[in-house]
Structures are given as C-alpha cells and as structure tokens.
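Working notes for the structure below.
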Amino acid sequence: MNSQPHTTMQDPLLAGLNNKQLEAVTLPQQSALILAGAGSGKTRVLTARIAWLIQTEQVSPTGLLAVTFTNKAAKEMLTRITASLPINTRGMWVGTFHGLCNRLLRAHHREAGLPASFQILDIADQLSMIKRLMKLMNVDDEKFPPKQVQNYINGCKDEGLRAHAVDAYDPHSQKLREIFEEYDKQCQRDGVADFAELLLRCYELLERDANIRLHYQSRFRYILVDEFQDTNRLQYQWLKLLAGKDNCMFAVGDDDQSIYGFRGARVGNMRDFETDFNVQSVVKLEENYRSHSNILDAANAIISHNKNRLGKNLWTSAGAGEPVRVYQAYNDNDEAQFIVDEIKMLHAEGTELGEMAMLYRSNAQSRVLEHALFSANLPYRVYGGLRFFERAEIKHALAYMRLIANANDDTALLRVINFPARGIGARSLEQLQEAARTQNCSLWQAAINKVGNGKAGGKGIDGFVALIRQMVDEAYGISLAELAELATTLSGLKAHYQNEKEGEDRIANLEELVTAAVAFTNQDFGNHSNADGETEQDLLTQFLSHASLEAGEHQADVGREALQLMTVHASKGLEFKVVFISGLEEGLCPHEQSTYEANGLEEERRLMYVAVTRARQRLYLSHAQSRMLHGQVRYGIPSRFLDEIPDELLKHLNSKPVAKSGYGRDYNELPAIMSKQQSSTQKSAMPWKVGQQVAHNKFGNGVVVSYEGNANDMRVQVNFGREGLKWLALEFAKLTAI
DNA sequence: TTAGGTCCAGTTTTT
DNA sequence: CTGGACCTAA
C-alpha cells in the first residue's frame with residue numbers, strides 16, 4: 001500500500017476543498033479525529049476521504065467500513081461515493097451501527113446463538129414484552145414503571161452490561177436486575193433481539209470468537225465514523241474491537257453538537273479516542289459555509305458558555321448579514337401569529353415556504369404553531385410523528401409476517417392472536433400463557449399442544465393456529481409482495497378495516513405495505529449474499545429487519561413547498577434559509593427537567609447551538625410572557641440563552657428586551673415555570689405566587705411573573721401590561737391581591 | 001368483547 | 001388541554 005498521496009489539486013475528487021478539508025481527506029495512514037463544526041462540510045470530507053482512499057488504492061471498496069447513525073446519512077454517503085467513483089457500492093460496509101451489526105449477526109447467527117430468522121424488537125414491541133413479563137413475575141408496576149424498566153435495560157446494554165454484570169445493592173435495583181435477566185431470557189426463547197441487543201450481541205460475538213474477530217479486523221483496515229460525538233460506550237467498544245491494534249479509525253464529530261446524552265451518548269468518547277488510538281492529527285474544520293457571521297457569532301457566543309469543550313470557533317467569509325431578530329410575545333398565540341405574519345411577508349417577497357423552518361424544544365409546542373398556520377392557510381409539514389412501519393395496522397400485518405417467519409415470536413403472536421377479534425379473550429390468553437410457562441415453551445408451541453391437529457375454520461385458538469398454518473403453507477414459494485398481500489387479507493385485517501368507519505387510511509396503508517414489499521424486492525434483489533461467506537438470508541427476514549431498522553424516514557426532506565416544523569433534535573444536520581426558534585423561555589429552553597441532570601444545562605446549550613446554526617440567512621428568536629402548558633397558563637421569563645448573545649448582533653423587533661433574565665441568579669433553585677410540587681411549598685414561603693393578579697397604586701393591575709431573592713430580600717417581577725414589566729422589592733412596594 | 005368513562009401524567013429519541 | 005391506560009357496564 002502506498003500512503004503517499006499521488007493526487008493533485010486538479011483531482012476532481014479534491015477540487016474545491018479548503019486547506020483544512022484537504023488535509024483531513026488526505027491524512028496519512030493513521031487514526032485521526034476531525035472536529036467538524038456545523039456547516040463545515042463534514043459529510044463532504046467523509047465521503048471524499050473514502051473516495052480518495054479507494055482511488056489511490058490504499059484500500060479496496062470492501063476493505064473499509066463506514067458507520068453512521070441514521071439511514072439517511074448512510075444513503076447520502078453511498079450516493080456521493082457513487083457520484084465520484086465508478087464503483088459498485090453493493091458489497092461495501094456502509095451503514096448504521098444497527099444495520100451493520102444486524103448484517104454481521106445474520107452472517108454468524110449460529111455463533112451468536114440466534115436463530116437464522118431472528119426478529120428485531122422495536123421500542124413498542126420491547127415495552128409490551130416488558131409489561132407482559134412483569135405481570136408474569138408479579139412485579140408492582142407502580143414501583144417499577146415499565147417505561148423506566150425499559151430505559152434501565154437499554155441503558156445497561158448501551159453501557160455494554162448484561163444483567164449479571166450490573167451492580168445492585170438495594171432491593172429495588174436487585175429487582176430491576178432480575179427483570180432484566182428474565183427479559184433477556186424471554187428474548188432468547190422468542191428468538192428476538194432489541195436494538196441495543198444487536199450491538200451488544202455483535203460486540204460479544206467479536207470478543208468471544210477470535211476467528212470471526214480476526215477475519216473482520218484484517219478485512220476492515222479503515223474504519224470511518226460519522227457523528228462520533230453521539231456514540232455510546234458500547235458503540236465505542238465495538239469500534240475499538242473492530243479496529244484492533246492496526247487499523248485506522250477516522251472519526252468525524254462535533255462535541256458542540258452532542259445532544260443525545262440522555263440516550264447514552266458519551267461526548268467523552270472523543271477524548272478517549274485521542275488517547276486510546278494515539279491520535280496524532282486532530283483536524284479542526286472551522287470554516288462555515290452556511291451562515292452569515294451575525295448568526296455564527298451568536299452561536300459562538302452561546303456555546304462559549306460551556307466549560308466542557310474541545311474548543312473550536314466557527315468563522316465565515318460571508319458577510320455579517322442580517323441581525324438576529326428577537327421578538328417578545330405576549331403569549332404563545334401571539335408568538336405564533338407573529339411568526340405566521342413574518343412567514344407570509346417573506347413568502348410574498350419570494351422566499352419559498354420549504355426554505356423556512358420552525359424549530360421548538362418539545363413536540364407539544366407544535367400545536368399552537370400548527371393552529372396558526374392552519375388558520376392562515378399556509379401549507380406545513382410536521383416531522384416526528386408516527387412513521388410508516390410504526391402504524392398500528394402495519395405492525396399488525398408485519399406481526400403476521402413475523403409469525404410466518406418464526407411462530408415462536410410471542411410478541412408478534414400476542415399482537416394479532418385476537419386481532420381481528422376471533423373470540424380469544426383475556427381468559428383464554430391467560431390459560432395459554434400459563435400453559436406456556438409450565439411447559440417452558442413459546443405461546444405458539446403451547447397453542448399447538450393444546451389444539452393438536454385442530455381442523456381449519458375452528459373458533460378461538462383452534463382457528464388461529466389453523467390460520468397461521470394455512471399462511472405458512474400458502475407462503476411457500478410465493479413472492480414477498482404476495483406474502484404481504486396474504487398477511488393483510490387472509491388474516492382478515494383488510495376486511496376488518498373495511499367495516500370500520502375511519503378505516504380507509506388504514507387500508508391504503510396496508511396496500512402501501514404491499515407496494516413497499518415490491519419495491520424492496522426489486523431494489524434488494526441480488527443483494528442478499530456475497531463473497532465473504534455471509535449466509536443467504538431469505539427475503540422475508542430481510543424485509544422484516546428493514547421494517548424495524550428503517551421505520552420510514554423520520555427526518556425532513558428539505559425543499560418541499562411547505563413550511564418545516566420540527567424539534568431542534570430533528571433539525572440536526574439540516575439547514576434553512578430562514579429559521580424561527582420559538583419558546584425561548586426558562587423552563588422550556590433550557591428545559592426544566594434538564595436542570596436536574598448532571599451536565600444537563602450544557603446539553604441544553606448545545607441544543608440551542610444546533611438550533612441557531614441551522615439558519616443560513618435570517619434567524620428569529622422568540623419568547624412569550626405566558627403560554628398554555630398542561631392546560632394551565634404558565635408565566636416564563638426569557639431564556640438565559642438570549643442573554644448570552646451580544647446585544648450588537650440582535651435586533652429587538654418590539655419594545656425593549658424585558659427584564660434581563662438574570663445572570664447570576666440560581667435557576668436551579670427557583671425554576672421560573674413552576675411545577676405542581678413546587679407551587680405548594682412556595683405558597684408558604686412566598687406571599688405572592690407566580691400568576692397571582694395584583695394591584696399597585698401607581699402601575700395599576702398586573703400579574704406576578706417571577707421573583708428572586710430570599711425571605712428577607714424578596715423581589716417580584718410583575719407584568720403591568722401597558723406599563724411593562726417591573727421588578728418590585730416586597731419590602732417597599734405596596735401590592736394587594738385582586 | 002366493546003364502547004365509553006375516568007384518571008393521570010405530561011423533554012428531547014438517529015436505531 | 002391532550003392522549004393513553006385502565007376500568008366498568010352492556
């Protein structure tokens with residue numbers, strides 16, 4: 001291999017790269033960390049690196065592995081590679097962590113201890129299995145909310161821990177560990193794997209089996225990782241194992257955009273990577289090609305308040321551009337109305353609707369915005385709802401298909417054993433589960449044992465067993481699309497929805513499933529086996545994996561002629577000409593919950609940083625003095641993040657910035673937006689609670705918005721409407737309740 | 001088995 | 001205010 005680049009600047013692969021990008025793309029054979037700021041051409045560098053390595057024959061297309069977090073990013077990468085090099089990307093290992101692990105586990109399912117047609121549990125399946133198990137184990141779901149148990153299990157697995165490896169000293173955590181253990185056993189019996197299991201299983205397989213490990217280690221000389229800051233501990237360990245001692249890892253990431261800490265992402269992996277891999281070259285991509293400098297400077301100013309940073313400052317050669325606009329709304333409706341008016345104006349001036357985005361911290365905020373857009377007759381699209389493969393009717397159809405592939409899948413069986421209704425009530429189910437438990441077998445086995453050779457057309461469990469058997473019979477030798485058709489019709493699903501009032505959409509979706517099966521067959525034909533000993537897996541199993549791993553696109557396809565509405569999380573990686581960030585109030589952004597978590601505030605700030613850096617030309621920041629939350633009016637003060645932006649970058653669109661949201665004030669002690677528990681304790685300590693109507697002899701009537709100080713030196717902030725917001729010292733001000 | 005009523009909780013979520 | 005989960009009556 002030749003590590004000396006024999007390319008020149010004329011090389012089309014490298015044309016147009018700036019010096020730093022070029023340096024990153026053509027780094028010699030060693031592990032490297034690329035700190036790629038927002039809008040700095042990260043994906044471009046990553047794909048150019050791959051293309052360059054291949055073109056200079058430092059590695060063959062099959063000798064490298066590139067891993068991303070989303071299917072979208074993986075696809076994007078493949079598309080760009082094919083565009084720059086005349087190679088077939090089919091055999092290449094480019095995909096998501098889960099996709100690649102799935103691929104590896106399918107190839108070595110025997111060694112991994114899984115059935116060839118093991119199915120993948122999505123979060124909903126997982127939760128239902130946990131609930132079922134807890135009932136069986138007689139666990140109090142008040143003390144152990146199933147959702148928390150689920151988080152616990154996934155959290156452990158994300159850390160690379162099995163039940164036996166978890167510390168548990170008190171009864172509560174011992175119980176959790178016990179459920180965890182039972183859950184894993186149940187998965188094993190059913191022949192299913194949850195998302196985290198795919199990674200953990202794969203990791204354990206590589207660790208345990210030296211042959212397999214060495215095979216992949218010697219194959220993948222180059223490993224490239226996208227969004228490295230989002231890797232969790234297990235993913236990092238997995239990468240380390242694959243890299244071994246000799247392989248090169250090329251990690252691209254941005255610590256300032258790490259916003260998935262709550263899901264186990266460890267920014268610390270970046271520092272660990274530097275030492276563990278003896279990284280000689282850290283290349284910083286700091287030139288931003290997206291935003292004007294006012295926007296960038298605002299982002300830089302915000303993020304500079306974080307202490308735990310690797311250090312990076314974005315700059316641009318584009319001009320200052322427009323100031324960042326700040327709007328203070330009276331309430332949430334007013335805020336939405338303002339945004340709608342601005343959008344109308346910009347649209348009239350020629351900005352396409354698809355070029356504008358409304359970002360918010362939590363999904364609940366979209367409601368008011370949607371209402372305003374709807375009233376204004378503006379087309380919009382909200383991202384983050386249910387995805388195609390997550391819809392109930394689709395999951396039902398898939399459950400039938402899963403049973404055809406593997407009838408021992410209890411989760412799938414329970415989903416459809418009585419759907420459409422065939423007279424199997426709680427009673428018979430209970431009996432069936434009891435039988436399965438005593439015989440230590442799957443529900444399907446128990447059903448068969450009970451029914452024997454039950455004749456077709458029977459009622460209840462007889463009928464169900466006969467139905468599945470008939471499906472399996474008829475499925476033999478037919479195409480995937482025919483199989484999907486079978487699952488939707490023979491099961492009675494279609495007929496069921498035909499009788500339902502609002503079933504038309506669902507039937508359309510079921511038909512769409514058949515179409516998806518056709519598309520999948522065509523697209524994937526010939527892709528399911530290759531030279532290096534991967535076993536050929538049947539199309540049905542592949543399709544079902546696809547459905548679980550790629551539940552339909554979640555992220556926005558920018559460019560549609562509709563306004564884009566999404567959470568800040570969902571906006572990562574996207575850019576828009578105009579961005580509105582709404583709800584910038586303490587308690588919402590930064591979110592109240594986050595202040596209880598260690599480093600929570602810094603993650604919230606990164607979130608704000610991500611949001612701001614989405615904008616190319618124009619950025620609006622808005623906050624409201626009050627908004628409806630959980631059916632109650634809440635009063636909030638402007639987000640501290642607004643204060644962190646230098647005033648010269650801002651243009652206040654209305655009035656003056658209201659009472660500085662208070663540097664030096666301890667937000668953790670006194671959240672501005674009160675939660676239920678706090679309101680009771682505060683009543684006793686506070687003469688006035690937030691939201692209290694008060695009268696003042698000079699300013700007139702107003703409402704308490706927030707307060708600060710202690711019992712001796714208490715000040716309240718009161719909104720007097722026309723008179724504005726005032727801070728009043730309780731010692732002096734004469735306030736009366738009204 | 002289902003329809004309808006009550007009660008409760010209520011961030012973010014690439015796979 | 002909402003959606004979901006759970007419960008009770010038909």
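All chains are named by letter (A, B, ...) in the order of the sequence lines, taking the proteins before the strands, and each is independently numbered beginning at 1. Please read all numbers here as calculations on a predicted model, not as lab measurements.
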For A/Ala66, enumerate each residue passing the side chain to side chain contact (heavy atoms under 4.5 Å, CB included) test, keeping only those at least two apart in sequence or located in another chain. A/Ile50, A/Met77, A/Val94, A/Leu224
Is the ring centre of A/His630 under 5.5 Å from the base ring centre of B/dA9, and are the two planes under 30° apart, so that they stack? no
Whole angstroms only, please: what is the CD-P distance between A/Glu602 and B/dT12? 22 Å
When we call it a touch if two heavy atoms are under 4.0 Å apart, what does A/Glu597 touch: a base, just sugar-phosphate, or nothing? base
Relative to each other, are the rings of A/His569 and A/Tyr260 parallel, tilted or perpendicular (30° and 60° limits)? tilted
Of the options B/dT12, B/dT15, B/dT1, whose atoms approach the side-chain atoms of A/Asn418 most closely? B/dT1
List for me each residue that meets ring pair (Phe, Tyr, Trp, His ring centres under 6.0 Å) alongside A/Phe97, sequence neighbours excluded, and say none if there are none. A/Phe69, A/Trp238
Value in whole Å for how far the P atom of C/dC1 lies from CD of A/Glu370: 19 Å
Residue pair A/Glu604/A/Ile123 against DNA chain B: nearer the 5' end by closest nucleotide is A/Glu604
Can you tell me how far P of B/dT2 sits from CZ of A/Arg422, to the nearest Å? 12 Å
Between B/dT14 atom C1' and A/Ile259 atom CD1, what is the distance in whole Å? 10 Å
Protein heavy-atom contacts under 4.0 Å, written 5' to 3' over nucleotides 2-10 of chain C as B (base), S (sugar-phosphate only) or - (none), form the string S--S-----
Once salt bridge (Lys or Arg N to Asp or Glu O under 4.0 Å) is applied, do any residues pair with A/Glu335, and if so which ones, sequence neighbours excluded? A/Arg627
For the base of B/dT11, is there a side-chain donor-acceptor partner from A/His591 under 3.5 Å away? no
What integer number of Å spans the P atoms of B/dT13 and C/dG4? 16 Å
Between atom CG in A/Asp122 and atom C1' in B/dT15, what is the gap in whole Å? 10 Å
With a cut-off of less than 4.0 Å, is there a side-chain N or O of A/Asn71 near OP1 or OP2 of B/dT14? no
When you get a sec, tell me which of B/dT13, B/dT14, B/dG10 is the closest nucleotide to the side chain of A/Phe69? B/dT14
Within the side chain of A/Asp332, is there an N or O that forms a donor-acceptor pair under 3.5 Å with the backbone of A/Met628? yes
On the 0 to 90° scale, with breaks at 30° and 60°, tag the A/Tyr497-A/Phe419 ring pair as parallel, tilted or perpendicular. tilted
C/dA5 and B/dT12, which share atom name C1', separated by this distance in whole Å: 23 Å
OP1, OP2 of B/dG10 versus side-chain N and O of A/Asn363: anything below 4.0 Å? no
Separation of A/Trp238 atom CH2 from B/dT15 atom C1', in whole Å? 13 Å
Go through the structure and list residues passing salt bridge (Lys or Arg N to Asp or Glu O under 4.0 Å) with A/Arg606, not counting sequence neighbours. A/Glu603
Nucleotide B/dT12, atom P - distance to CD of A/Glu603 in whole Å: 14 Å
Rounded to whole Å, please give me the gap between NZ in A/Lys572 and C1' in B/dT15. 14 Å
Taking all heavy atoms of A/Thr613 and all of A/Ala299, pick out the closest pair and write down the distance. CG2-CB, 3.6 Å
Taking the nucleotide of DNA chain B with the closest heavy atom to each, which residue, A/Ile424 or A/Tyr260, is nearer the 5' end? A/Ile424
Measure from the side chain of A/His569, starting at C-beta and using heavy atoms only, and say which of B/dT14, B/dT12, B/dT11 lies closest. B/dT12
For A/Phe262 and B/dT12, are the ring centres under 5.5 Å apart with planes inclined under 30°? yes
Choose from B/dT13, B/dT11, B/dT15 the nucleotide whose nearest atom is closest to any side-chain atom of A/His98. B/dT15
Within the 4.0 Å heavy-atom criterion, would you say A/Thr68 contacts the bases, only the backbone, or no part of the nucleic acid? nothing
Sorted by chain and residue number, the ring pair (Phe, Tyr, Trp, His ring centres under 6.0 Å) partners of A/Phe144 (sequence neighbours excluded) come out as A/His172
Taking only the side-chain heavy atoms of A/Leu549 (C-beta and beyond), determine which of B/dT13, B/dT11, B/dT15 contains the nearest atom. B/dT15
Considering only heavy side-chain atoms of A/Ala421, the closest of B/dT13, B/dT11, B/dT1 is B/dT1
